[in-house]
Engineer: 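What follows is a structure written as structure tokens; I'll ask about it next.
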Amino acid sequence: MEVNFGAVFFTIYALLASCMYDGAAGKSTDKPNIIIMLMDDMGWGDLGIFGHPAKETPNLDKMAAEGILLPDFYTANPLCSPSRAALMTGRLPIRNGFYTTNQHARNGYTPQRIVGGIPDSEELLPELLHEVGYRSKIIGKWHLGQQPQYHPLLHGFDEWFGSPNCHFGPYNNKAQPNIPVYKDAEMVGRYYEDFLINKQTGESNLTQIYIKEALIFIEAQQKANTPFFLYWTPDATHEPVYSSKDFVGTSQRGKYGDAVRELDSGVGVILQKLRELKIDNNTFVLFTSDNGAALYAGVGGGSNGPFLCGKETTYEGGLREPAIAWWPGKINPGGVTHQLGTVMDLFTTALELAGVEPPTDRIIDGKSLLPALLNNKVDPDRVVFYYRGNEMMAVRHGLYKAHYWTWTNSLQERARGVNFCQGENVTDIMTHEQTNRTLSPLLIHLGRDPGERYPIANHTQEYKTAMKTIQAIVDDHKANMIPGDPQFNWCDSAVMNWSPPGCEKLNKCLKGPASKPYKCTWPH
């Protein structure tokens, strides 16, 4: 009989872990609560703890001082929807279908015209946690499909307050409908109609609503003595940025800084609630972002610190994210780990905390971060793959990063004012055409050159030694790659949010056009 020793090891480790996490605080269960705070378009350099000179994130800085900083943490894609799908499934977007084959190496996402969404064949984190008694809630942006069959309550979540799409608008409800906001399975209003966002002043009360929803959920689960998973995904730092009245005009960084300050305050309020309920020692919290800061927003967007370019690109500024883990009594305070990690690791880490074995019928890209977070053990063989659409653009192993393809965006898009690398121009590394480097990848040492400005010459021994290891990793990766069915190929105005569930109760149903599917076009 063939024995799966990996599965046996995981089971033993999970049993030991469940004994370790014995819920020393209050009357908590032996399974730790899990909170993932996923920001929107927030850059690596936006927090004081990561060096931003404004120093306007005291609560996040305190969270880092009480927890552990992960300066080498990445998302799985430089755009929102694919990165969120990767977090929820533990799998690269190319595997879970969150990409397009309509054009080569183009970023896609889930605007309300998209036909696709998260496939039923994917097993999401809340579905697996539900099997061992967790109650799960998402608060904020979902972005894995706006059609009802893709909504979070059909994919493992027990509760939802938020929206399936970005808060774009306002629309006239004729060419496009305004985006709905949901409470659980039914809409409770629409952006710009019932949930106001003043684009001129940047004022909106949405973040305060999201904070309140989090506190209510946490208190209810503590009272019921139920382990919980809270997926807190406010989108205030995504254009058009917003903050509530008490924060408008308070930041030296403008409207974007106002939004960052309010989110920082919200993190502080949530962590304080855990302390008050005496469940902080039994709650694992991780803060990060879905992709790099949008440099095309100029001073209206965030900062990626020393890293090249930003959102939409596979340079460091597009995928390297701020990340902080916090768990009093388990994570030693004031720590830093240089473990390479990705949002996909949150899937596997959460499952290990809950004592759940990951699915074995598919490739799971995420690896547990617990050895690094709890015991300062760093796995030097971890790899980060940088995908843009259907193309593997780059790979990081150790401190070496190899660019197999380079591309910022086209000169046509640049002429329209879309600049993903605002204020930067690195000759031959930043290219306005998709440039294939596969025969001689550009090799960067991110320790010496975090800004990706000085490629290592390909005739040197350093280059040859590093590329021999990396190329073997790439060959194995591609040999075992089975892409999922692409979800971003088809668009149709008929699938927009014309008549969401619950619209009839609010007299908010709209008549949409007849179905006329067409192939989506993705410029970036």
Engineer: For a side-chain contact (heavy atoms from CB on, under 4.5 Å) check, start with the C-alpha distance between Phe488 and Cys520, then their side-chain angles and the critical distance, and finish with the verdict.
Structural biologist: CA-CA 7 Å; Phe488 298 158; Cys520 306; 5.8 Å; no
Engineer: With ring pair (Phe, Tyr, Trp, His ring centres under 6.0 Å) as the criterion, how do His238 and Phe168 come out once you've worked through the C-alpha distance, each side chain's angles and the decisive distance to 0.1 Å?
Structural biologist: CA-CA 10 Å; His238 188 295; Phe168 294 134; 5.4 Å; yes
Engineer: For Trp522 and Tyr109, I'd like to know if the aromatic rings sit close, meaning centre-to-centre distance below 6.0 Å.
Structural biologist: yes
Engineer: Looking only at heavy atoms, what is the nearest atom pair of His155 and Gln149, with distance?
Structural biologist: NE2-O, 3.1 Å
Engineer: Between Arg416 and Glu413, does at least one N-O distance fall below 4.0 Å, as a salt bridge requires?
Structural biologist: yes
Engineer: What I want to find out is whether Lys401 reaches Glu316 closely enough, with some N-O distance under 4.0 Å, to be called a salt bridge.
Structural biologist: yes
Engineer: Can a salt bridge be assigned to the pair Lys508 and Glu193 using a cut-off of 4.0 Å between side-chain N and carboxylate O?
Structural biologist: yes
Engineer: Quick check on ring-ring contact (aromatic ring centres under 6.0 Å, His included): which of Phe157, Tyr134, Phe217 does Phe228 satisfy it with?
Structural biologist: Phe217
Engineer: Taking side chain as C-beta onward, heavy atoms only, is Pro119 less than 4.5 Å from Asn96?
Structural biologist: no
Engineer: Once rounded to the nearest 0.5 Å, what's the spacing between atom OG1 of Thr313 and atom CD of Glu424?
Structural biologist: 9.0 Å
Engineer: Is the NZ or CZ atom of Lys141 both under 6.0 Å from the centre of the six-membered ring of Tyr210 and within 45° of that ring's axis?
Structural biologist: no
Engineer: Would you please test Phe229 and Ile35 for side-chain contact (heavy atoms from CB on, under 4.5 Å) and show each step?
Structural biologist: CA-CA 6 Å; Phe229 169 46; Ile35 300 178; over 6 Å; no
Engineer: Can you tell whether the side chains of Asp290 and Lys311 come within less than 4.0 Å, N to carboxylate O?
Structural biologist: no
Engineer: Apply ring pair (Phe, Tyr, Trp, His ring centres under 6.0 Å) to residues Phe385 and His477 and explain how you reach the verdict.
Structural biologist: CA-CA 9 Å; Phe385 296 100; His477 175 72; 3.8 Å; yes
Engineer: Could you tell me whether Arg106 and Glu391 have a side-chain N and a carboxylate O separated by less than 4.0 Å?
Structural biologist: no
Engineer: For the residue pair Val474 and Lys478, establish whether any side-chain heavy-atom pair is separated by less than 4.5 Å.
Structural biologist: yes
Engineer: Looking at every non-hydrogen atom in both residues, tell me the closest pair between Asp41 and Ala294 and how far apart they are.
Structural biologist: OD2-CB, 4.1 Å
Engineer: Check the SG atoms of Cys166 against those of Cys80: under 2.5 Å or not?
Structural biologist: no
Engineer: Per the salt bridge (Lys or Arg N to Asp or Glu O under 4.0 Å) rule, which among Arg91, Lys367, Arg382 passes with Asp345?
Structural biologist: Arg382
Engineer: Please name the pair of heavy atoms, one in Tyr150 and one in Leu144, separated by the smallest distance, quoted to 0.1 Å.
Structural biologist: CB-O, 3.7 Å
Engineer: Apply the ring-ring contact (aromatic ring centres under 6.0 Å, His included) test between Tyr182 and each candidate in Phe195, Phe161, Trp160; give the one that qualifies.
Structural biologist: Trp160
Engineer: Given the rule in the side-chain contact (heavy atoms from CB on, under 4.5 Å) test, do Leu373 and Phe284 qualify, once you have shown the distances and angles that lead to the verdict?
Structural biologist: CA-CA 11 Å; Leu373 299 180; Phe284 173 85; 3.8 Å; yes
Engineer: Counting C-beta onward and ignoring hydrogens, is there a side-chain heavy-atom pair between Met187 and Leu506 closer than 4.5 Å?
Structural biologist: yes
Engineer: Show, in sequence, the C-alpha distance, side-chain angles and deciding distance for Cys509 and Cys503, and conclude whether the disulfide (SG to SG under 2.5 Å) test is met.
Structural biologist: CA-CA 5 Å; Cys509 300; Cys503 66; 2.0 Å; yes
Engineer: Check this for me, if you would: do Asp492 and Lys516 make a salt bridge, where the nitrogen-to-carboxylate-oxygen distance has to be below 4.0 angstrom?
Structural biologist: no
Engineer: Thinking salt bridges, do Arg84 and Asp40 make one under a 4.0 Å N-O criterion?
Structural biologist: yes
Engineer: Evaluate Tyr231 against Leu38 for side-chain contact (heavy atoms from CB on, under 4.5 Å), listing each step before the verdict.
Structural biologist: CA-CA 7 Å; Tyr231 184 40; Leu38 186 71; 3.4 Å; yes
Engineer: What's the shortest heavy-atom distance between Leu351 and Pro358, and which atoms?
Structural biologist: CD1-CA, 3.8 Å
Engineer: Hey, do the aromatic rings of Tyr74 and Tyr386 have their centres closer than 6.0 Å?
Structural biologist: yes
Engineer: So His524 and Trp407, ring pair (Phe, Tyr, Trp, His ring centres under 6.0 Å) or not? Walk me through it.
Structural biologist: CA-CA 9 Å; His524 312 308; Trp407 190 38; 7.9 Å; no
